[in-house]
Amino acid sequence: MDGFVDIHCHALPGVDDGADRLATGLDMLRHAADEGVDDVILTPHYRADDGLERGQVLQQRFAEFAAAVTDAGIRVTVHLGAELGFRFGLAGLARTTAVARLAGGPYVLVDLPPGPLSPGLEQAFFEIRTAGFRPVLAHPERHRDLAGDPERMEQLRAQDLLLQINAGSLRGCFGRRAQVAAIHLAESGQADFVGSDGHDLEKRPVALRSAYEQVVALAGPDEAQRLFVHNPRRVLIGEPVEPGPRAESAERPGLWDRIRRRLH
Ligand SMILES: [Fe+2]
């Protein structure tokens with residue numbers, strides 16, 4: 001069986017709120033290897049306001065870290081990407097620097113700020129798509145307004161916005177609301193990826209195995225493979241992802257009413 005590919009991870013040391021130093025970053029990847037992860041895309045936070053210098057710094061740090069991973073004999077291949085803070089005009093950043101794209105390919109990982117959803121959200125993602133990139137929304141289940149607004153989530157999904165849920169959300173690490181939303185997205189085939197969003201060794205580790213088993217139980221082994229292995233691998237090679245078996249369950253009448261009842 002192919003190993004997992006983690007498309008969302010903050011193990012690159014000393015560049016954001018993830019790994020605080022080299023030893024932590026290496027230990028996070030050792031843990032990832034133990035979990036069955038073969039490849040990790042390192043996705044430090046990157047805001048458009050940070051400018052292109054940020055991209056150069058990340059490339060330099062990545063080269064140093066990749067060498068350290070090899071020297072340490074850790075059986076994980078690292079790739080560089082970024083988690084872009086949402087704003088208009090992200091397509092320009094993705095065009096200008098490969099660091100802004102996952103493993104330098106066509107996929108871009110975008111994080112929404114907390115608080116009310118921008119009314120121009122769909123337009124901003126439309127701009128990214130028409131520029132030739134494939135936007136992936138990071139952990140929508142953790143966004144309070146989105147998790148509580150299934151219709152909006154479906155609208156975004158219907159516009160080819162890909163959804164990456166966090167393994168920790170499935171396990172309940174981010175509260176009940178995020179867990180219910182994550183489980184629903186996984187069960188209904190609306191999710192496209194599960195990533196670790198790992199930040200450290202304890203509170204938010206690079207842990208995928210237990211969430212994988214959970215998805216096997218919820219949605220079957222094929223769906224678990226799609227979310228943890230096949231689709232993340234397509235990000236690495238720049239190929240389109242495989243859509244989920246969403247139609248039947250997502251369009252079942254009364255589904256969202258049941259979800260709301262679970263939440264309230
Ligand atoms: Fe993240």
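Every number for a ligand or one of its atoms is a count from 1 in the order of the listing. Numbers for residues simply follow the sequence, beginning at 1.
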Quiz item: What is the name of the N/O/S atom in Glu83 that sits closest to the Fe ion (ligand 1)?
Solution: OE1
Quiz item: Taking the six-membered ring for Trp, is the centroid-to-centroid distance between Phe125 and Phe86 below 6.0 Å?
Solution: yes
Quiz item: From His199, does some N, O or S atom reach closer than 2.8 Å to the Fe ion (ligand 1)?
Solution: no
Self-check item: Salt bridge flag under 4.0 Å for residues Arg87 and Asp49
Solution: yes
Practice problem: Could you grab the angle centred on the Fe ion (ligand 1), going from OD1 in Asp197 to NE2 in His8, to 10°? | Solution: 80°
Self-check item: Criterion side-chain hydrogen bond (donor to acceptor under 3.5 Å, both in side chains) against Asp192, the qualifying member of Arg134, Gln164, Arg157
Solution: Arg157
Quiz prompt | Non-hydrogen atoms of Ala207 and Ala167 that approach each other most closely | solution = O-CB, 3.4 Å
